[in-house]
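Okay, so here's the structure we're looking at.
In what follows, every chain begins at residue 1, and chains take the letters A, B, ... in the order their sequences are listed. Remember, it's a predicted structure, so these values are computed and weren't measured experimentally.
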Amino acid sequence: MLDPRTLRRDPEEVARRLARRGHVLDLNLLADFERSRRDLQMRTETLQSERNQTSKAIGLARARGEDSAPMVEAMSNLRVRLDAAKQELTRVQAEYNEFLLHIPNIPSEEVPVGETDADNKELWRVGEPRNFEFPPRDHMAVGGALIDPEAAVRVTGSRFSVFYDELARLHRALIQFMIDIHVTHHGYREVYVPYIVNEDTMRGTGQLPKFEEDLFRVASDAKFYLIPTAEVPVTNLIKDQILDDASVPLKFVCHTPCFRREAGSAGRDTHGLIRQHQFEKVELVQIVRPSESWDALEELTGHAETVLKELELPYRAVDLCGGDLGFAAARTIDLEVWLPGSQAYREISSCSNFLDFQARRARIRWRNPETGRPEPAHTLNGSGLAIGRTMIAVMENFQQADGSVRMPPALRPYMRDLEYIL
RNA sequence: GGAGGGGUGGCUGAGCGGUCGAAAGCACUGGUCUUGAACACCAGCGAGGCUAACGCCUCCCAGGGUUCGAAUCCCUGCCCCUCCGCCA
């Protein structure tokens with residue numbers, strides 16, 4: 001959520017900056033909401049003040065044994081007006097709030113202008129795509145019988161995966177490998193969290209109310225959802241908390257499965273394991289002082305890159321343009337890994353700074369030692385990395401002419417020291 | 001599943017239906033003292049919102065209700081704790 005004060009003080013400026021990501025802010029509607037909210041709130045609070053004074057006076061009069069009947073009479077009249085004003089105020093506030101919850105974050109000034117991923121700006125490349133002495137196959141061909149899409153369809157349906165033997169192991173090994181790096185070398189605290197969360201949590205990180213169609217809803221009395229990323233439960237760990245200065249930055253690493261409806265992606269990436277309804281991810285989450293979030297984004301992106309470097313996978317970093325930016329993000333750096341099977345760079349990590357946008361929604365606050373007052377903290381997260389896509393990248397980049405796959409040295413301790421699999 | 005107890009400020013924990021946004025302690029901040037620190041003493045110290053300002057409003061788990069007036073009484077829900085049973 002944007003700071004309502006900023007929105008009120010300079011709506012034109014906010015509208016201008018939101019235009020960078022293609023969001024049209026309805027200034028007339030905003031002005032209407034603001035005016036009626038203000039009128040109603042002032043009227044309601046005046047009546048409340050009267051009520052408080054009168055009932056105090058009644059108490060005093062009775063204590064003195066005086067007649068309070070006229071005041072009680074006045075109260076019943078006042079109550080009718082107050083109830084009406086309050087009801088109207090509650091209604092307007094709810095609508096206003098709903099409006100605010102649908103406004104995306106303001107992109108930072110360095111976000112490239114553009115509408116689609118074609119307008120994203122490449123920042124740097126690391127590693128050289130390997131020269132193959134044979135035509136590289138894609139991961140489905142490399143995996144062969146150890147990937148069983150038919151079984152996945154039998155069990156569930158399309159866009160789910162089944163792996164066997166060394167691939168199941170490789171998948172699990174990547175998770176351990178990544179968590180170990182972030183805990184041992186990057187100072188993250190490992191955390192285990194629920195994979196089902198409530199509505200308020202989904203609202204906190206910005207998935208709701210706008211993107212319900214991307215989520216799997218769980219049938220139960222409460223409104224529960226499967227998490228689309230660990231970002232949701234991990235960031236909300238600190239929901240409603242006030243952090244003292246000594247306890248920040250908080251850095252969490254968390255492995256979870258992720259569940260996505262992929263509602264708008266019918267027909268996209270239907271062939272391999274690139275786009276699934278269920279996939280695993282090792283996620284990095286940071287909660288930091290407001291002044292430190294841009295440095296933290298750089299640092300966090302570097303942490304995700306370390307995994308790619310350790311695995312010797314060629315990749316590039318891309319600055320997402322305004323139109324490609326996620327709802328809650330102020331800036332996002334994507335890491336894209338080279339996939340020889342499709343001769344393209346594909347997203348394998350997405351590192352974002354949300355500034356105070358999520359913190360405001362989830363009421364994650366930090367006590368500023370200078371002022372002694374709480375203010376919204378800043379939140380960030382990034383994949384470190386997406387497991388399924390990393391497995392694809394290893395399979396495709398390290399495939400051999402004989403059909404086997406060489407293990408990157410860093411991964412071997414997690415793979416029984418095997419040099420080759422398959 | 002059965003029986004009982006409870007949810008109050010960063011924490012612990014008091015709170016006859018009115019003067020309670022809330023005692024007290026801890027923690028924290030400032031001051032005195034000290035070469036410096038600790039100790040001691042003094043003072044301050046919840047969160048959110050509105051207003052140009054004075055100041056006003058809201059919040060004692062959540063939602064309803066009773067009442068002129070609710071942290072305090074009633075109902076419902078959620079959560080936590082203890083005991084019994086059941087399952088692992």
Side-chain angles (χ1 to χ4, degrees), chain A residues 1-11 30-101 193-194 196-204 218 220-225 233 236-248 250 287 289 356-377:
Chain A
M1 193 151 76
L2 299 180
D3 182 359
R5 260 175 290 232
T6 311
L7 206 51
R8 200 177 305 146
R9 198 180 318 116
D10 202 351
L30 177 66
D32 282 351
F33 272 133
E34 191 44 37
R35 188 172 31 73
S36 48
R37 189 228 91 227
R38 183 194 151 106
D39 291 351
L40 282 165
Q41 183 167 347
M42 287 177 73
R43 193 182 341 143
T44 304
E45 290 185 359
T46 307
L47 291 170
Q48 283 178 148
S49 179
E50 259 181 69
R51 178 203 57 194
N52 293 346
Q53 282 173 25
T54 309
S55 63
K56 238 173 233 183
I58 290 171
L60 281 166
R62 292 209 177 157
R64 285 200 221 96
E66 295 167 6
D67 178 22
S68 61
M71 286 188 284
V72 174
E73 175 64 26
M75 268 299 246
S76 73
N77 175 301
L78 194 148
R79 179 140 73 146
V80 174
R81 288 187 293 152
L82 175 58
D83 284 350
K86 203 169 182 174
Q87 199 181 348
E88 189 65 4
L89 176 64
T90 306
R91 209 204 76 226
V92 168
Q93 274 175 336
E95 283 176 19
Y96 191 9
N97 196 251
E98 193 65 11
F99 171 73
L100 293 175
L101 285 174
V193 296
I196 295 177
V197 300
N198 62 35
E199 221 184 339
D200 189 57
T201 293
M202 281 294 185
R203 222 192 320 270
V218 176
S220 63
D221 295 343
K223 259 206 170 188
F224 285 157
Y225 297 87
N236 279 285
L237 247 29
I238 317 299
K239 181 166 73 175
D240 288 312
Q241 304 293 304
I242 300 176
L243 299 166
D244 53 54
D245 191 55
S247 64
V248 290
L250 291 175
I287 296 172
R289 292 182 192 93
D356 61 2
F357 189 85
Q358 293 181 327
R360 204 179 295 284
R361 290 177 161 237
R363 300 164 302 278
I364 298 169
R365 290 163 298 173
W366 156 80
R367 193 177 296 281
N368 185 335
E370 310 250 311
T371 62
R373 313 214 67 88
E375 44 187 276

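- For the pair A/Arg43 and B/C56, the criterion of a side-chain N or O lying under 4.0 Å from OP1 or OP2 is not met.
- Taking the six-membered ring where the residue is Trp, A/Phe33 and A/Tyr96 present parallel rings, their angle staying beneath 30° rather than reaching 60°.
- A/Asp244 comes within 4.0 angstrom of no nucleic acid atom, judged by non-hydrogen atoms across all strands.
- When both pairing distances are held under 3.5 Å, B/A40 makes a Watson-Crick or G-U pair with B/U32.
- Nucleotides B/A47 and B/C11, compared at atom P, are 12 Å apart to the nearest Å.
- A/Arg367 contributes no side-chain N or O that, together with a main-chain N or O of A/Asp244, makes up a donor-acceptor pair within less than 3.5 Å.
- In terms of position along RNA chain B, the nucleotide closest to A/Glu375 lies nearer the 5' end than the nucleotide closest to the other residue of the pair A/Gln48 and A/Glu375.
- Rounded to whole angstrom, the span from the CD atom of A/Gln93 across to the C1' atom of B/U58 amounts to 10 Å.
- Taking the side chain of A/Arg37 as heavy atoms from C-beta on, and the options B/C56, B/C50, B/G18, the nearest nucleotide is B/C50.
- Rounded to whole Å, the P atom of B/U66 lies 16 Å from the corresponding atom of B/A71.
- Across all strands shown, B/C26 pairs with B/G10; the Watson-Crick or G-U wobble distances both stay below 3.5 Å.
- The interatomic distance linking A/Arg9 (CZ) with B/C50 (P) rounds to 11 Å, in whole Å.
- When the P atom is used for both B/G4 and B/U58, the distance is 37 Å, rounded to whole Å.
- Look at NZ on A/Lys86: it is 18 Å from P on B/C56, rounded to the nearest Å.
- Counting only heavy atoms from C-beta on, A/Val72 has its side chain closest to B/C68 among B/G49, B/C68, B/U58.
- B/U72 and B/C20 have their C1' atoms separated by 10 Å, given to the nearest Å.
- Nucleotide B/G1 is matched to B/C84 when pairs are restricted to Watson-Crick or G-U wobble geometry with both distances under 3.5 angstrom.
- The nearest whole Å value for the distance from the CD atom in A/Gln241 to the C1' atom in B/G46 is 15 Å.
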Item to check | Worked verdict on A/Arg79 versus A/Arg51 for side chain to side chain contact (heavy atoms under 4.5 Å, CB included) | outcome: CA-CA 8 Å; A/Arg79 179 140 73 146; A/Arg51 178 203 57 194; over 6 Å; no
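- Spacing between B/A14 and B/U51 at atom P, rounded to whole Å, works out to 40 Å.
- Comparing B/C68, B/G48, B/C50 against the side chain of A/Ile58 picks out B/C68 as the nearest.
- With hydrogens and angles ignored, the 3.5 Å screen pairs a side-chain donor or acceptor of A/Asn236 with a backbone N or O of A/Thr201.
- Between A/Arg38 and the phosphate of B/U51, there is a side-chain N or O to OP1/OP2 separation shorter than 4.0 Å.
- Nucleotide B/U51 holds its P atom 11 Å from the CG atom of A/Asp39, rounded to whole Å.
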Item to check | side chain to side chain contact (heavy atoms under 4.5 Å, CB included) assessment of A/Phe224 paired with A/Val197 | outcome: CA-CA 5 Å; A/Phe224 285 157; A/Val197 300; over 6 Å; no
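- One can place CZ of A/Arg35 at 17 Å from P of B/C50, the figure rounded to the nearest angstrom.
- Straight-line distance from the CG atom of A/Asp240 to the C1' atom of B/G48: 12 Å, rounded to whole Å.
- With distances taken from any side-chain atom of A/Met75 to the nucleotides B/C57, B/U51, B/G69, the minimum falls on B/G69.
- One finds a side-chain N or O of A/Ser49 lying less than 4.0 angstrom from the OP1 or OP2 phosphate oxygen of B/C57.
- We find the CZ-CG distance between A/Arg91 and A/Leu40 to be 8.5 Å, quoted to the nearest 0.5 Å.
- Regarding contacts with the backbone of B/U58, a side-chain N or O of A/Asn52 is found under 4.0 angstrom from either OP1 or OP2.
- Counting to the nearest Å, the C1' atom of B/U67 and the CE atom of A/Met71 are 16 Å from each other.
- Nucleotides B/G44 and B/U35 place their P atoms 28 Å apart, quoted to the nearest Å.
- A distance of about 48 Å separates the C1' atoms of B/C50 and B/U34, rounded to the whole Å.
- With respect to A/Arg8 and A/Asp3, no salt bridge is recorded, no charged nitrogen being found less than 4.0 Å from a carboxylate O.
- Remark: A/Arg51 is not in phosphate contact with B/C57, judged by side-chain N or O atoms under 4.0 Å from OP1 or OP2.
- A/Glu45 contributes a side-chain N or O that forms a donor-acceptor pair with the base of B/G49 under 3.5 Å.
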Checklist entry - Between A/Asn52 and A/Ser49, is a side chain to side chain donor-acceptor pair (under 3.5 Å) present by the stated rule, with each step listed? => result CA-CA 5 Å; A/Asn52 293 346; A/Ser49 179; 5.9 Å; no
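- Distance check on atom P: B/G15 versus B/G7 gives 10 Å, rounded to whole Å.
- Of all nucleotides listed (B/A47, B/G69, B/C57), B/G69 comes nearest to the side chain of A/Arg79.
- In a base pair of the Watson-Crick type (N1 to N3 plus N6-O4 or O6-N4) or a G-U wobble (N1-O2 and O6-N3), with each distance short of 3.5 Å, B/U72 is matched with no nucleotide.
- Nucleic acid contact for A/Pro374: sugar-phosphate only, since backbone atoms but no base atoms lie under 4.0 Å from a heavy atom of the residue.
- One finds no side-chain N or O of A/Arg363 lying less than 4.0 angstrom from the OP1 or OP2 phosphate oxygen of B/A47.
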